Structure formats: C-alpha cells, structure tokens
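Heads up: the structure comes next, in structure tokens.
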Amino acid sequence: TNGSQFFILYKSARHLDGKHTVFGNVVGGMDTLAKLERVPTDKNDKPLAGGEAVAILGATVFTNPYKEMAEEEDRLEQEAAAKEQTDAQARTDAMNPGRWWSNPAGEAAAEDRKKAAEAAAAGGGHFGFGAGG
C-alpha cells in the first residue's frame, strides 16, 4: 500500500512485538486518545467508510531521542574506557616483579641472626662464621 502504519496503545500489546518498533510514549492528550479509541472501525480496525475522518494534524517531540542515544553511547564508552584502564592496571600489577621480589640472601641472613639469638639466649657456645677459636 506504500502507506505507513503505527499504533497508539493504552497498554502492552505483545502480539506486536517483533513486528513493529516502539518509537514514543504518550505524555499528554489522553482525552484525544480516548476520542480516537471511540471511532467506529471495521473488522480490520480501519475507521468505517462515511464516518468521521481521523487525522493527526500535529505532534510535539519533547525529547531528542538521538541526543539521548548519543549521551548513552558516550556514557558506555566512558565506562568501557574506565574498565579497560582498571583491567590494564590489574594486569600490570600482576606482572610487576617488585611486588613479588624476594631476597634470598637477606632471608638467609635473618635466619642466621635468629639462630645466633637463640643460641645466645640458651647460653650456648659460639655461633658464627670463620675460623674457630
């Protein structure tokens, strides 16, 4: 028919899901919608021939859906960038050898000091390195 078709609904119409796109919400003029609802229609929901003409003469767009969509995309991109930065830092932290650094020589020296202190506390003999005496 090369025409366009849309629905103005009072409630959900699941039978239209996947067949038609929701593109707006009625935010005022419910009295006009109620008048449209009372127009007599045929079995195909078209106004009866010879009945009152039905025409939408104007509509007001209260929000710019493209602006909202762009703002949402910007927000999602910022969240993704922040997550990537957090993930990159976590990867760097996991590979950073400074956090895993061990000091075997220092640990051995600490163990030697501990043994020397234990031996001295027990009144034991000489503990150390080098020539005996």
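Remember, predicted model here, so these are calculated numbers, not experimental data.
The salt bridge (Lys or Arg N to Asp or Glu O under 4.0 Å) check on Glu111 picks up nothing, with sequence neighbours excluded. The side chain to side chain contact (heavy atoms under 4.5 Å, CB included) search around Glu68 returns Thr63, not counting sequence neighbours.
With Asp42 contributing its side chain and Asn44 its backbone, the two residues share a donor-acceptor pair below 3.5 Å.
To the nearest 0.5 Å, atom NZ of residue Lys67 and atom CD of residue Glu72 are 14.0 Å apart. Atoms CD and CZ, on Gln89 and Arg91 in that order, are 10.0 Å from each other to the nearest 0.5 Å.
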Handout entry: Stepwise salt bridge (charged side-chain N to carboxylate O under 4.0 Å, His left out) test for Arg75 and Glu71
Key = CA-CA 6 Å; Arg75 185 186 64 77; Glu71 289 170 351; over 6 Å; no
Problem - CA sep, side-chain torsions, deciding dist, call: Glu79, Leu76, side-chain contact (heavy atoms from CB on, under 4.5 Å) - result: CA-CA 5 Å; Glu79 287 177 2; Leu76 292 173; 4.0 Å; yes
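Hydrophobic clustering, with ILVMFWY side chains joined whenever heavy atoms are under 4.5 angstrom apart, keeps Leu48 apart from Leu36.
In this structure, Asp112 does not pair ionically with Lys115, as no charged nitrogen and carboxylate oxygen lie closer than 4.0 Å.
The side-chain heavy atoms of Arg38 and Lys35, taken from C-beta on, include a pair separated by under 4.5 Å.
Of all non-hydrogen atoms in Val39 and Pro47, the two that sit nearest each other are CG1-CB, 4.1 Å.
Taking a 6.0 Å sphere around CD of Glu84, one finds it holds more than 12 heavy atoms contributed by other residues, nucleotides or ligands.
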